[in-house]
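The chains referred to below are lettered A, B, ... by the order of the sequence lines, with proteins before strands, and numbering in each begins at 1. Basis for what follows: all heavy atoms, side chains included, without hydrogens, waters or symmetry-related copies.
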There are 2 protein chains.
Amino acid sequence: MDRRKRGAVVVSLAQTKSSVVQLRTGSLHGGLLEALRELINHGDLSPGARVPERELCARFSISRTPLREALKVLAAEGLIQLLPNRGARVATLDDSHLTELFEVIGILEAEAGRLACARMSDAAIAEVQALHYRMYAHFLREELPEYFALNQAIHQAILDGSANTVLIATYRNLAGRIVRARYMSNRLRPDRWKAAIDEHELILEALVRRDADRLASILSRHLANKRDIIMEHIHEELRGRMEKTKSRQQRMSHAETPPAVAEPAAE
Amino acid sequence: MDRRKRGAVVVSLAQTKSSVVQLRTGSLHGGLLEALRELINHGDLSPGARVPERELCARFSISRTPLREALKVLAAEGLIQLLPNRGARVATLDDSHLTELFEVIGILEAEAGRLACARMSDAAIAEVQALHYRMYAHFLREELPEYFALNQAIHQAILDGSANTVLIATYRNLAGRIVRARYMSNRLRPDRWKAAIDEHELILEALVRRDADRLASILSRHLANKRDIIMEHIHEELRGRMEKTKSRQQRMSHAETPPAVAEPAAE
DNA sequence: TATATCAAAAATGGATGCAAAATTCATGCG
DNA sequence: CGCATGAATTTTGCATCCATTTTTGATATA
């Protein structure tokens, strides 16, 4: 393979799924970060699992240097954990950690809402309303993926409405750590779904009335509900997993891929 | 120089000041990060200035690999800016950015206070009170450095009282970006100083009464005041700098060290 | 069969090497 | 004197190399 060439690098990060990702270069680094985040969030790298440096190098056709730079950044972001002389592992999210993350994310979203009430233009609010109606339509047709996409767009629009880039970036960073957990509970019981829609109804109403306190409190509760749903899912999954593990065997020595999402984590 | 040896590395980062820093190793990386942050916050690396990779390598007696890893992390933290193929520069803080940072930091501190009211033990609150009295004593004796140290300790204690490690870490990250700006305005006009003390009085009172709303609002205002002081200082300094620059010469071509703290920053 | 021991293999942290890009600097032209 | 041009130098980004550490695996021992 030709060694020196800073051109575009086409990388197949397919193993389970056959997605092909174009690493934008110049700063190979940036694209690499995105790709790694994708791998983690998409579940190709399970929580607690060792990050296979050499293998990833091969997969991305890059040397260890840029990969290790990226890993250091991900570690700083909290997505992976770096153990001295023992490499990187994907960060696990135990219950308390998840709770803390949701708490802070909730704070930021609520305050973003407060700021949005004061700072968004009428036109911008109208756009959010439009998103809301479109989302509602997808709900009626039970089109889950489209629903989720618009749901997220609405939250993002409110966040952007805070007009505080630091707030937005901080939120993104924290939210990035729970993407995987959210991903898992992308199935909704109909009653939960309806409840979420109702909450969104209230959110829109508060935003339109520019009632900052009310919007903040609704957003906060809305997220708390989402958190409960997610945790419920995790616990269900954990229980299921435990039963399976038990029935299959009493113990396995060193699980290379431990309990998947929640883990005691001797931190 | 001996090449391979992972033992402790003693590094003299003295140039202007003769501070000697011990880089704890094993993960050379961590200590390096600290040292670099110190360099930036302490002002040895002015905002906007190029980060002299090779020179820092020499100064720390390390190769470029770990240094560059550290730079990537600092960039992710927002302390420096990485320009593709053009190296790193120390991040500049323009007015709006500083305002945004203070806004988010204020949010976090206020909410931390709210949580602290609910979660701190009576004993922990008593300790904060003790810190407060000690701080007050230093104020009376006009011992500025000791005053600042205890001031910070009190804010940290309240933050810790939130019992949310994510919140604490997020706060630390954001606060880390304005350390330098705070550093500059470590001179206080007596009236400001007294006002700050009064606010701290109120903070303690609210905390002791576990009045979450009140504590949150006071903390928020307290920080806003600090922000105003800092910005005032920056603007004064900027004005002074401009006059000097003007009187000295009409223009200089490419300032290697631009306006120091505030800069238009074509971001 | 379970555990201790130790050598082989692999992974990690860091140093060094090299091509491409950027910067500097000298020179030429208007 | 200002500005364009381009070669020499420096810097950057990444690949590769190597010592140390960790992990693995085989063998011996209880």
Closest listed nucleotide, where the reference is the side chain of B:Arg68 and the choices are C:dG14, D:dC14, C:dA22: D:dC14
Atom pair distance, as rounded to whole Å: CG in A:Leu82 and P in C:dA11: 16 Å
Whole angstrom value for the distance that separates C1' of C:dG13 from CG of A:Leu83: 14 Å
Check: A:Arg64 side chain, C:dG13 base, donor-acceptor under 3.5 Å: yes
Toward the 5' end of DNA chain D, by each residue's nearest nucleotide, A:Arg86 or B:Lys72: B:Lys72
Atom-pair distance (CZ on B:Arg50; C1' on C:dA21), nearest Å: 12 Å
Side-chain donor/acceptor of B:Glu111 to backbone N/O of A:Ile107, under 3.5 Å: no
Any donor-acceptor N/O pair, A:Arg89 side chain to A:Gln81 backbone, under 3.5 Å: no
Among D:dT22, C:dT12, C:dG14, the one nearest B:Thr65 by side-chain distance: C:dG14
Spacing of B:Glu53 atom CD relative to C:dT16 atom P, expressed in whole Å: 15 Å
Most 5' of B:Arg54 and B:Glu69 on DNA chain C, judged by nearest nucleotide: B:Glu69
A:Pro66 side chain, from C-beta outward: closest of C:dA11, D:dC14, D:dT12: D:dC14
Minimum heavy-atom distance between A:Leu79 and A:Gly176, given as atom pair plus value: CD1-O, 3.9 Å
Qualifying residue, where the test is side chain to side chain contact (heavy atoms under 4.5 Å, CB included) with A:Tyr171 and the options are A:Ile105, A:Val104, A:Asn164, A:Val166: A:Ile105
Proximity to the side chain of B:Asn85 - top-ranked nucleotide from D:dC14, C:dA22, C:dT12: C:dA22
Donor-acceptor list for residues 62-69 of chain B side chains, cut-off 3.5 Å, not counting sequence neighbours:
{"from": "B:Ser63", "atom 1": "OG", "to": "B:Thr65", "atom 2": "N", "distance (Å)": "3.4"}
{"from": "B:Arg64", "atom 1": "NE", "to": "B:Glu53", "atom 2": "OE1", "distance (Å)": "2.7"}
{"from": "B:Arg64", "atom 1": "NH2", "to": "B:Glu53", "atom 2": "OE1", "distance (Å)": "3.1"}
{"from": "B:Arg68", "atom 1": "NH1", "to": "A:Glu69", "atom 2": "OE2", "distance (Å)": "2.8"}
{"from": "B:Glu69", "atom 1": "OE1", "to": "A:Lys72", "atom 2": "NZ", "distance (Å)": "3.1"}
{"from": "B:Glu69", "atom 1": "OE2", "to": "A:Arg68", "atom 2": "NH1", "distance (Å)": "2.9"}

Given C:dT12, C:dG14, D:dT22, the nucleotide with the shortest approach to the side chain of B:Ser63: C:dG14
A:Leu56 CG to C:dA10 P, straight-line distance once rounded to whole Å: 18 Å
Length of the line joining B:Leu67:CG and C:dG14:P, which is rounded to integer Å: 12 Å
A:Leu33 CG to D:dG13 P, straight-line distance once rounded to whole Å: 14 Å
